[in-house]
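In this text the structure is predicted, and so the values were computed from the model without any measurement. The sequence lines fix the lettering, A, B, ..., with proteins before strands; numbering per chain opens at 1. What you see below is based on every heavy atom in this structure, not just the backbone, and it leaves out hydrogens, waters and symmetry mates.
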2 protein chains.
Amino acid sequence: MTDRSLTERERTILSLVVQSYIHDCSPVGSRTLVRRFVLDLSPATIRNTMNDLEEAGLLVQPHTSAGRIPTSLGYRMYVDELMAPRPLSRKERAAIRDAVVGDQGGLVRDAASVLDQTVRALGDLSRLLAVSLEPRLDLGTFEKIELVSLGAGKILVVLTIEKGFLRTIVLELEVAVPAESLHETATLLNERLSGLPMKIIRESVHERMRDVSIGDPKILKLIVNNSEDIFSTSNEDEGIHYWGTPNILAQPEFADRERMVSLMGALEKKEIILRVLGGQSQQDGVTITIGEEHPDGEIEFCSIVASPYRVGEVSGSLGVLGPTRMEYSKLVSIVDYTARIVSEALGESADDEEDQPEDDA
Amino acid sequence: MTDRSLTERERTILSLVVQSYIHDCSPVGSRTLVRRFVLDLSPATIRNTMNDLEEAGLLVQPHTSAGRIPTSLGYRMYVDELMAPRPLSRKERAAIRDAVVGDQGGLVRDAASVLDQTVRALGDLSRLLAVSLEPRLDLGTFEKIELVSLGAGKILVVLTIEKGFLRTIVLELEVAVPAESLHETATLLNERLSGLPMKIIRESVHERMRDVSIGDPKILKLIVNNSEDIFSTSNEDEGIHYWGTPNILAQPEFADRERMVSLMGALEKKEIILRVLGGQSQQDGVTITIGEEHPDGEIEFCSIVASPYRVGEVSGSLGVLGPTRMEYSKLVSIVDYTARIVSEALGESADDEEDQPEDDA
DNA sequence: CTTAGCACTCAGCATATGAGAGTGCTAACG
DNA sequence: CGTTAGCACTCTCATATGCTGAGTGCTAAG
């Protein structure tokens with residue numbers, strides 16, 4: 001538990017133990033270690049070092065006289081200081097890019113569709129559970145509202161948001177409203193709200209729409225009253241995309257039914273994912289959260305590698321979830337690259353004029 | 001395997017075996033049976049009968065000298081001839097109704113949202129996996145198309161279909177199109193296509209839109225060329241809603257990892273669900289498919305209780321999936337009732353004028 | 001037709017046993 | 001002093017063994 005920095009040997013051993021365990025999922029002993037990686041040291045020496053690492057809280061033994069396995073802290077150390085991100089092969093990149101970009105031909109794929117494809121690729125490639133959140137439009141700037149009459153008192157509200165994001169909601173009124181009036185109301189809303197971030201609108205429509213003389217007061221009231229829902233992110237708590245449940249369930253760490261069921265429950269309820277991914281979308285770049293670092297007990301055996309993607313002010317996030325024993329070095333690269341491509345893809349599909357140059361990091 | 005009809009005693013015994021097995025998930029023996037249900041027969045007699053049932057292919061022994069369990073055929077017999085559908089309690093009905101109907105207040109919940117709520121209730125109530133398919137708009141009659149310019153060459157296509165179903169797609173053109181022209185094009189499309197079923201439109205837009213003089217030819221071409229996607233059901237292969245994976249994974253029949261993983265894979269790929277539920281939506285009323293009756297090996301340990309829901313010509317389906325050992329008598333009622341309520345809810349939210357009377361079956 | 005009795009089968013459980021992997025410790029070594 | 005060989009010890013895992021209980025099929029008697 002003392003956090004004196006590690007010696008070079010300790011760093012090496014820790015790194016090897018982690019790698020070996022990630023590979024085999026079986027506790028690694030001193031003898032095995034020297035044999036697998038041809039070390040110029042005797043098992044006894046390794047044992048001593050391992051003992052030190054155990055005292056530092058980086059390794060544990062599942063039971064007396066078994067090999068060691070990394071603790072969350074051990075993985076943390078490995079991730080932060082020891083591992084070298086493994087660059088992606090040309091083929092892997094292509095796989096991601098093809099899946100994300102897809103081909104349309106006249107039809108514009110919306111964010112949901114892009115993300116759906118993305119998680120599939122991400123899940124298959126990582127052999128873990130891939131997750132993504134649809135863009136949070138909160139910080140996006142509102143561009144335009146359009147009101148389309150659908151007959152029978154129903155009105156389609158079409159919101160255009162920065163970078164071509166779109167949101168449609170159907171409202172219902174008891175009485176039909178003439179097209180003229182609809183148009184006027186829309187114009188009014190546009191005049192007063194255009195250019196503001198969605199979030200600000202939510203907070204201040206009431207004031208901004210207080211004294212109005214034109215437009216239909218009924219519709220206006222309806223919109224103002226439902227502003228929380230209308231000027232929000234996507235529908236309900238939806239907007240989560242998954243892929244790869246079988247991958248993760250097949251992992252040996254979920255042989256325990258108990259764990260498995262509770263994990264699936266957590267996934268289905270979506271709260272946890274929303275909290276973890278949603279929270280992270282503030283920060284930039286790839287974030288790794290390991291095992292017990294999670295506040296939620298249900299996923300204390302899991303790690304998450306996630307990254308936000310951004311299109312203008314709008315952002316969402318994506319990542320993979322798996323057992324703590326995962327190939328961090330590879331996953332960091334995969335997730336990072338995928339997030340970039342998604343940003344790019346959504347940006348492009350949004351407005352073609354500004355061609356963002358592809359940066360190959 | 002001879003299908004001479006069963007004697008009264010055989011029917012009773014089969015029924016009791018099925019019920020007992022459904023309850024316990026442990027093979028039921030002759031002695032247990034007489035004890036549990038106070039039968040006026042000796043175990044030996046039961047044994048003889050059971051033997052007959054085994055020869056008829058309705059029961060099997062997992063191994064010599066274990067009790068019997070029902071085969072798919074046994075369940076089939078039970079479901080078709082022996083069981084009495086268990087009526088729902090007032091409370092259960094209320095639970096379903098509340099979840100499905102929900103409350104809106106100005107905002108119209110679309111089919112996706114209604115079904116999402118529905119499967120949650122259905123999954124929780126059945127303690128199994130609930131599944132639903134969004135409505136297939138194929139047979140729905142097309143009412144109106146509306147083209148809304150989004151700027152930057154993008155056009156929002158709004159399709160109104162019978163009973164208030166809605167479908168929106170974004171198209172993209174290289175050049176901006178004047179509003180005037182958009183309106184003309186929409187009018188043209190409405191004149192020629194309104195009142196036709198979506199399916200017919202898909203098959204015949206090319207002919208119907210051959211000789212036109214007004215409207216923008218570019219947009220028209222785009223729409224005609226993409227008619228397969230535009231005048232179709234919902235987006236991609238989406239439109240499946242789930243709930244209750246933990247329920248089903250906790251079932252003892254999925255203790256086997258192998259099975260469990262393959263089941264989850266099948267669910268995720270959606271094909272099987274689409275085939276089973278989609279296929280069934282033709283027929284009316286509740287359909288039960290049991291174990292090996294399914295063409296797909298992945299779900300040969302599962303049964304599905306499903307029912308279509310209908311709103312005018314438009315229909316979709318919903319149901320529950322679980323191990324063959326499920327409470328058919330209860331589930332039939334649940335699924336049936338849920339389907340009715342969903343039909344009702346979607347119908348109402350579609351057009352309020354025609355109040356369908358609630359029928360309490 | 002029904003039932004008592006009996007020999008037989010087999011999963012499940014507990015117990016014992018041995019092998020293998022791994023450890024910590026101590027003492028010797030360069 | 002860091003490193004290493006040796007050793008006693010521990011603990012899991014796999015295998016073998018025996019026992020029990022639930023259940024069966026068959027036969028003969030009621």
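In terms of phosphate contacts, B/Ser65 brings no side-chain nitrogen or oxygen within less than 4.0 Å of OP1 or OP2 of C/dC8. Look at B/Asn48 and you won't find any side-chain N or O under 4.0 angstrom from OP1 or OP2 of C/dT2. For the pair A/Arg9 and D/dT3, the criterion of a side-chain N or O lying under 4.0 Å from OP1 or OP2 is met. For D/dT3, the OP1/OP2 oxygens have no side-chain nitrogen or oxygen of A/Thr45 closer than 4.0 Å. Regarding contacts with the backbone of D/dG23, every side-chain N or O of B/Ser30 stays at 4.0 angstrom or more from both OP1 and OP2. The side chain of A/Arg47 contributes no N or O atom lying less than 4.0 Å from OP1 or OP2 of C/dC25.
Rounded to whole Å, atom P of C/dT2 lies 16 Å from atom CE of B/Met50. A/Ile69 places its CD1 atom 14 Å from the C1' atom of D/dT12, with the value rounded to the nearest Å. The distance from atom CG of B/Leu53 to atom P of D/dG25 is 12 Å, rounded to the nearest whole Å. Between the CG atom of A/Asp52 and the P atom of D/dT3 there is a distance of 11 Å, rounded to whole Å. Nucleotide C/dG22 holds its P atom 11 Å from the CZ atom of A/Arg68, rounded to whole Å. Nucleotide D/dG23 holds its P atom 11 Å from the CD atom of B/Gln61, rounded to whole Å. Regarding A/Glu8, its CD atom lies at a distance of 17 Å from the C1' atom of D/dG2, rounded to whole Å. Spacing between atom CG of A/Asn51 and atom C1' of C/dT26 amounts to 15 Å, rounded to whole angstrom units.
Heavy-atom distances to DNA chain C give each of A/Pro27 and A/Ala44 a nearest nucleotide, and the one nearer the 5′ end belongs to A/Pro27. A residue-by-residue look at A/Arg35 and B/Leu41 shows that B/Leu41 has its nearest nucleotide of DNA chain C further toward the 5' end.
Between A/Arg36 and A/Asp24 there is a salt bridge, with a side-chain nitrogen of the basic residue lying less than 4.0 Å from a carboxylate oxygen of the acidic one. A salt bridge links A/Asp80 with A/Arg76: the closest approach of a Lys/Arg side-chain nitrogen to an acidic carboxylate oxygen falls below 4.0 angstrom.
In this structure, of D/dC11, C/dG24, C/dC10, it is D/dC11 that holds the atom nearest to the side chain of A/His63. Closest contact between the side chain of B/Thr64 and the listed nucleotides C/dT3, C/dT9, D/dC11 involves C/dT9. Closest to the side chain of A/Ser42, from the set D/dA5, D/dT24, C/dT3, is D/dA5. For A/Arg31, the side-chain atoms get nearest to C/dG22 when compared with the rest of D/dT24, C/dG22, D/dT4.
Here the shortest heavy-atom pairing between B/Gly57 and B/Thr71 reads O-OG1, 2.7 Å.
Taking the side chain as every heavy atom from C-beta outward, A/Val131 and A/Leu318 never approach each other to under 4.5 Å.
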### Message
Please determine whether salt bridge (charged side-chain N to carboxylate O under 4.0 Å, His left out) holds for the pair A/Arg47 and A/Asp52, giving the CA-CA distance in whole Å, both sets of side-chain angles, and the decisive distance to 0.1 Å.
### Response
CA-CA 9 Å; A/Arg47 279 207 282 284; A/Asp52 297 345; over 6 Å; no
